Amino acid sequence: MELQGQTVLVTGASSGIGRDCARGLAPLGVRLLLVARRQERLAVLAAELHARYQTACLAQTLDVRDRQAVQHWFEHLPPEWQCIDIVINNAGLSRGLDRFQEGNINDWEEMIDTNLKGLLYITRAVLPGMVARGRGHVVNIASIAGLAAYPGGNVYCATKAAVRILGDALKQDLLGTPVRVTTINPGLVETEFSPVRFRGDTERARQVYRGLTPLTGQDVAETVVFCLTRPPHVNIQELTLLPTDQANALLVHRRE
Ligand code: NDP
Ligand code: 8X3
């Protein structure tokens, strides 16, 4: 399927998988609506993509946790950006690896508010237009953390399991419309995910990928592009991609 001229919303486009999705989609002639909290990074990305591919980009600050801000943002989009064809719900984070019984409830709320409620707010805003226009694709970045839990993953894993079941639910509610829904479950991807999880403890973050070859944001972006470019009658419902050095969230092969 041709993506030329389609308007793609990428949440969490200031880093990692979201930024690489924008970079992977720009050469295909899409228009990019990029949101995250760090406006300066979005502006740099938009300038890069415009310089390289003449991509039309709109980079806007948005905290997906803020329900009213999401509603206000959506209602005040410039008219030429209001018809969103594709949304990549990517904004997300983990905080800590505490055992549940020692868990920090503020961290729990931050993960639930971002990974689940933020995704709900964004999707609720854009989906009616997709249904009305008879075209659209919702791509949710979940995780292998939503396939099975791991020690200390508790609430992060629960948010990702919720995103997976929500994809199933959306597909059912959208049945009879041409709107497609795809859930992507990456394994270990080297991004700012671990430094964010460990609040800037870069040494601890580095250990996550020690001795193995993780996925890159580009690997995930290429998978997203593959799903988006299938013919309209093909809906890739769910796709899991792991590094070759990883079997599941608990089992990795380290060469040292
Ligand atoms: P990064 O930390 O590199 O990127 C996370 C992105 O989410 C940033 O652009 C950040 O932007 C954005 N974000 C976080 N909170 C908010 C918010 N409240 N409002 C708007 N944007 C927000 O991590 P990844 O690229 O790895 O993560 C992207 C997604 O992939 C997440 O959903 C993550 O759970 C998932 N994932 C990651 C894996 C990995 O191993 N890295 C594996 C499986 C899934 P800003 O801070 O500027 O707002
Ligand atoms: C990120 C991958 O295994 O660290 O969702 O939870 S994992």
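No hydrogens, no waters, no symmetry mates; every other heavy atom, side chains included, goes into these values. Whatever order the structure lists ligands and atoms in, that order sets their numbers, starting from 1. This is a predicted model, so every value here is computed, not measured. Residues take their numbers from the sequence shown, with the count starting at 1.
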Any heavy atom of [X] closer to ligand 1 than 4.0 angstrom?
X      : value
Arg19  : no
Gly187 : yes
Thr114 : yes
Asp63  : yes

Backbone, side chain, both or neither: what part of [X] comes under 4.0 angstrom of ligand 1, heavy atoms only?
X      : answer
Ala142 : backbone
Leu188 : backbone
Arg41  : neither

Which residue and atom name correspond to the protein heavy atom nearest [atom], and how close is it?
atom                    : answer
atom 33 (C) of ligand 1 : Tyr156 OH, 3.7 Å
atom 26 (O) of ligand 1 : Thr191 OG1, 2.6 Å
atom 5 (C) of ligand 1  : Gly92 O, 3.6 Å
atom 19 (N) of ligand 1 : Val64 N, 3.0 Å
atom 40 (O) of ligand 1 : Val189 N, 2.9 Å
atom 12 (C) of ligand 1 : Gly12 CA, 3.5 Å
atom 21 (N) of ligand 1 : Ala91 CB, 3.5 Å

For ligand 1, is there an N or O atom under 3.5 Å from any N or O atom of [X]?
X      : value
Ile17  : yes
Arg37  : yes
Ala36  : no
Tyr209 : no
Pro186 : no

Less than 4.5 Å apart, side chain to side chain, heavy atoms only: is that true for [X] and [Y]?
X      : Y      : value
Phe226 : Ile236 : yes
Glu192 : Ser15  : yes
Leu25  : Leu228 : yes

Walk me through it: do Leu77 and Ile84 pass the test side chain to side chain contact (heavy atoms under 4.5 Å, CB included)?
CA-CA 10 Å; Leu77 279 172; Ile84 295 168; 4.1 Å; yes

Expected output: side-chain [X] to main-chain [Y] donor-acceptor under 3.5 Å:
X      : Y      : value
Arg31  : Glu80  : yes
Asp20  : Gln218 : yes
Arg254 : Leu212 : no
Asn154 : Asp98  : yes

Ignoring hydrogens and angles, state whether a donor on the side chain of [X] or [Y] is under 3.5 Å from an acceptor on the partner side chain.
X      : Y      : answer
Gln207 : Arg210 : yes
Arg41  : Ser14  : no
Glu238 : Thr183 : no
Arg255 : Thr213 : yes

Tyr156 and its ring pair (Phe, Tyr, Trp, His ring centres under 6.0 Å) partner, picked from Phe193, Tyr150, Trp108:
Phe193

In terms of heavy-atom contacts, does CZ of Arg133 have more than 12 from other residues, nucleotides or ligands at under 6.0 Å?
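Atom CZ in Arg133 is crowded, with more than 12 foreign heavy atoms closer than 6.0 Å.
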
Val189-Leu93 co-clustered via ILVMFWY side chain contacts under 4.5 Å
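No, separate clusters.
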
Say whether Gln246, considering both its backbone and side-chain N or O atoms, lies within less than 3.5 Å of an N or O atom on ligand 2.
no

Per atom 31 (C) of ligand 1, closest listed option by heavy atom (Asn140, Ile141, Asn90, Leu45):
Asn90

Closer than 4.0 Å to some heavy atom of [X] - which atoms of ligand 2 meet that?
X      : answer
Tyr150 : 3 (O), 4 (O), 6 (O), 7 (S)
Ala145 : 6 (O)
Ser143 : 1 (C), 2 (C), 5 (O)

Proximal ligand 1 atoms for [X], defined as those under 4.0 Å from one of its heavy atoms:
X     : answer
Leu62 : 19 (N), 20 (C)
Ser14 : 8 (C), 9 (O), 10 (C), 11 (O), 45 (P), 47 (O)
Gly16 : 3 (O), 25 (O)
Ser15 : 1 (P), 3 (O), 4 (O), 8 (C), 9 (O)

Taking only Lys NZ, Arg NE, NH1 and NH2, and the carboxylate oxygens of Asp or Glu, determine whether Asp107 and Arg199 approach each other closer than 4.0 Å.
yes

